[in-house]
Amino acid sequence: MTRSSTPRPRTTTRAAVCTAAALAAALSACSAPGESADDTKASSGPIKVAVVNAQSGQLSSLGDWEYKGAKLAIDEWNKKGGIDGRKIQLKLFDDQGDPTTGTNLARRLVSEKYVAMIGTAESAVTIAMGPVLQQAKIPNITSGQSDGLVALKSPYLFLNGPTSTTYDSTLAQHLVKDKGYKKIAMITNNGSFGKGEHDAFLKAVKGLGVNPSTDQVVTTDQKEFSAALTKIRSTKPEVIFIGSEEVEAGLIVKQARDLGITAPFAGAAPQGTPVFIDTAGKAAAEGTIVSSPYLSNDVSDASKKFAAAYEAAYGKEAELHGAKAYDGANILLTALKTSNGAVGEELADAIRDTRYKGLLGDFQYDGTGVGITETTIGVIRDGKLVPQQ
């Protein structure tokens, strides 16, 4: 190729440079977080990952467990050199268990160029954040379990545990088929989690030929439940399904025992937590039946290793939510590793392609963002969740 020996006018050269700069800026502004205009990977510097979970309010225990589980996984990867020598930079954000706060935080993650988000444990908050994260192509691994998460149909949203359908169909099968219960009462709240639990369990028991003896719905901020519990007591149930978060569920069980209700309660993940047991009281919680993918720190060599590392790091006993976040973080980091630090759509595809043997089971994501579809049955014995014998 020959080059012209005639120099360009200075104004033309300067205009070309300015135009090129403007174009580069425009392309950069349209890129996904961590993306350059002509590359789907960020080649240097720390990899920014956010944990978004409640650190204040009634759901703060969930947020604390989640953060500790995620941080443990990321600390382990960083000790081994991170992702191809790049450290993972983790930052915690408090969504206060509030969807509006969560949505504002989602916009902040976009502006501050986080490549991925772990959290939240609150389905309503995750659902509110979903559209913002999807538009920005930020993958989100959530610990929520509402079927409403799947209904978003976001290719950037992944669950690190089963949905309510799995929890409650397993539980219904156990109560009706294994235990032979026919008189089942229900009490759930009207929040995103409670509604998901209500609908999933009701569908499951009706499919087994059982109609609840009563179906009581309370509010998420309710503290006194005597009216609903009195109606439940009048039906003389054999078991009571409860669909509510840890603290409220504990209050319901405590007040039920005060009213002389002796039937066992049954529920999903919240009923297997120390907060539920402490709020209800050890005696009141005794015999509670729980559907969960993680029943104990002693069920496998992997769970024992995780629990020992968790206690060494934080001086506290591990439980389901910490294990879920640990699995979720490891899935994300594995995808980052196999994709050579990809971001945006390529990172989401890498997560979807990841096969991971975790504490909760063997993860393999389908097109819905669900990676695991099994739970097992446990029971509260002497203040601890243990496998059903």
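Arg107 is linked by a salt bridge (charged side-chain N to carboxylate O under 4.0 Å, His left out) to nothing, counting only residues two or more places apart in sequence or in another chain. Leu360 pairs by the side-chain contact (heavy atoms from CB on, under 4.5 Å) definition with Pro293, Tyr294, Leu320, Ala323, Lys324, Asp327, Phe363, Ile372, not counting sequence neighbours.
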Run the numbers on Ser143 and Glu66 for side chain to side chain donor-acceptor pair (under 3.5 Å), then give the verdict.
CA-CA 8 Å; Ser143 288; Glu66 293 263 319; 2.7 Å; yes
Could you check Phe193 against Ser146 for side chain to side chain contact (heavy atoms under 4.5 Å, CB included), going step by step and ending with a plain yes or no?
CA-CA 6 Å; Phe193 172 78; Ser146 170; over 6 Å; no
Between Lys337 and Asp84, does the salt bridge (Lys or Arg N to Asp or Glu O under 4.0 Å) criterion hold? Intermediate values first, please.
CA-CA 7 Å; Lys337 178 70 174 178; Asp84 297 328; 3.0 Å; yes
Working for side chain to side chain donor-acceptor pair (under 3.5 Å), residues Thr170 and Thr375
CA-CA 7 Å; Thr170 301; Thr375 64; 3.2 Å; yes
Before giving the answer on side chain to side chain donor-acceptor pair (under 3.5 Å), spell out for Thr219 and Asn190 the whole-Å C-alpha distance, their side-chain angles and the decisive distance to 0.1 Å.
CA-CA 5 Å; Thr219 65; Asn190 61 359; 5.5 Å; no
Please evaluate residues Asn53 and Leu62 with respect to the criterion side chain to side chain contact (heavy atoms under 4.5 Å, CB included), reporting the C-alpha separation (whole Å), side-chain torsions for both, the decisive distance (0.1 Å), and the verdict.
CA-CA 8 Å; Asn53 262 301; Leu62 290 178; 5.5 Å; no
Steps toward side chain to side chain contact (heavy atoms under 4.5 Å, CB included) verdict (Lys282, Asp382):
CA-CA 7 Å; Lys282 183 178 174 181; Asp382 196 28; 2.7 Å; yes
Let's go through Leu72 and Glu76 carefully: what are the C-alpha distance in whole Å and the side-chain angles of both, what is the deciding distance for side chain to side chain contact (heavy atoms under 4.5 Å, CB included) to 0.1 Å, and is it a yes or a no?
CA-CA 6 Å; Leu72 180 62; Glu76 289 173 351; 3.9 Å; yes
Side chain to side chain donor-acceptor pair (under 3.5 Å) between Ser123 and Thr126, worked out:
CA-CA 5 Å; Ser123 295; Thr126 303; over 6 Å; no
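A side-chain donor-acceptor contact under 3.5 Å links Gln55 to the backbone of Gly63. Put simply, the side chain of Arg233 gets close to the backbone of Leu259: a donor and an acceptor are under 3.5 Å apart. A donor-acceptor pair under 3.5 Å is absent between the side-chain atoms of Arg108 and the main chain of Thr103, judged by distance alone. Here the side chain of Ser154 pairs no donor or acceptor atom with the backbone of Gly130 at under 3.5 angstrom. Judged by distance alone, with hydrogens and angles left aside, the side-chain atoms of Lys203 form no donor-acceptor pair with the main-chain N or O of Thr165 at under 3.5 Å. Looking at Arg381, its side chain never comes within 3.5 Å of a backbone N or O of Val379 through a donor-acceptor pair. A side-chain donor-acceptor contact under 3.5 Å links Thr354 to the backbone of Ala350. No side-chain donor-acceptor contact under 3.5 Å links Asp215 to the backbone of Ala185. No donor-acceptor distance shorter than 3.5 angstrom exists from the side chain of Thr166 to the backbone of Pro162, with no hydrogens or angles considered. One N or O on the side chain of Glu238 and one on the backbone of Lys183 form a donor-acceptor pair closer than 3.5 Å.
With values rounded to the nearest 0.5 angstrom, Ser164 atom OG is found 12.5 Å from His198 atom NE2. Separation of atoms CG (Leu295) and CD (Glu319) is listed at 12.5 Å; rounding is to 0.5 Å. Between the CG atom of Asn104 and the CD atom of Gln96 there is a distance of 10.0 Å, given to the nearest 0.5 Å.
Heavy atoms only, all atoms of each residue included: Gln271 and Ile380 are closest at O-CD1, 3.7 Å. The minimum heavy-atom distance linking Ala200 with Asp168 is given by the pair CB-OD2, 3.6 Å. Contact record, Gly82 with Ile88: CA-CD1, 3.8 Å, taken as the closest heavy-atom pair. The minimum heavy-atom distance between Lys231 and Thr214, with the atom names listed, is O-CG2, 4.5 Å. The two residues Ile127 and Gly148 come nearest to each other via the heavy atoms CD1-C, 3.8 Å. Taking all atoms of both residues into account, the shortest heavy-atom contact from Phe276 to Pro270 is CB-O, 3.3 Å.
Within a 6.0 Å radius of NZ in Lys87, more than 12 heavy atoms belonging to other residues, nucleotides or ligands are found. Atom CD of Glu374 has 12 or fewer neighbouring heavy atoms from other residues, nucleotides or ligands inside a 6.0 Å radius. Heavy-atom contacts from other residues, nucleotides or ligands closer than 6.0 Å to CD of Gln135 number 12 or fewer.
Val205 belongs to a hydrophobic cluster with Leu171, Leu175, Val176, Tyr181, Ile184, Met186, Phe201, Leu202, Leu208, Val210, Val239, Phe241, Ile289, Ile377, counting contacts under 4.5 Å between side-chain heavy atoms of Ile, Leu, Val, Met, Phe, Trp and Tyr, direct or through other members.
Val49 is not connected to Leu157 by any chain of hydrophobic side-chain contacts under 4.5 Å among Ile, Leu, Val, Met, Phe, Trp and Tyr, and they are in different clusters. By the criterion of side-chain heavy atoms lying less than 4.5 angstrom apart, applied directly or through intervening Ile, Leu, Val, Met, Phe, Trp or Tyr residues, Leu109 is not grouped with Leu149; the two fall into different hydrophobic clusters. Neither Leu59 nor Leu159 shares a network with the other; the hydrophobic side chains, linked directly or stepwise wherever heavy atoms of I, L, V, M, F, W or Y lie under 4.5 Å apart, form separate groups for each.
Listed by first then second residue, pairs satisfying side-chain hydrogen bond (donor to acceptor under 3.5 Å, both in side chains) with a partner in residues 359-368 read Lys357-Asp362, Asp366-Thr368, not counting sequence neighbours. Within the structure, every pair that satisfies the side-chain hydrogen bond (donor to acceptor under 3.5 Å, both in side chains) test and touches residues 242-270, not counting sequence neighbours, is listed here: Asn189-Ser244, Asn189-Glu245, Asn189-Glu248, Ser244-Glu248. The ring-ring contact (aromatic ring centres under 6.0 Å, His included) contacts involving residues 45-75 comprise Trp65-His321, where partners must be two or more places apart or lie in separate chains.
Side-chain contact, Gln145 with Thr163: no donor N or O sits under 3.5 Å from an acceptor N or O. Remark: the Ser226 side chain and the Glu224 side chain contain an N/O donor-acceptor pair separated by less than 3.5 Å. A donor-acceptor contact closer than 3.5 angstrom is absent between the side chains of Asn297 and Ser303.
Asp199 has a carboxylate O that lies under 4.0 Å from a charged side-chain N of Lys195, or vice versa, which qualifies the two as a salt bridge. Of the charged side-chain nitrogens involved, at least one lies within less than 4.0 Å of a carboxylate oxygen, so that Lys68 and Asp64 count as a salt-bridged pair.
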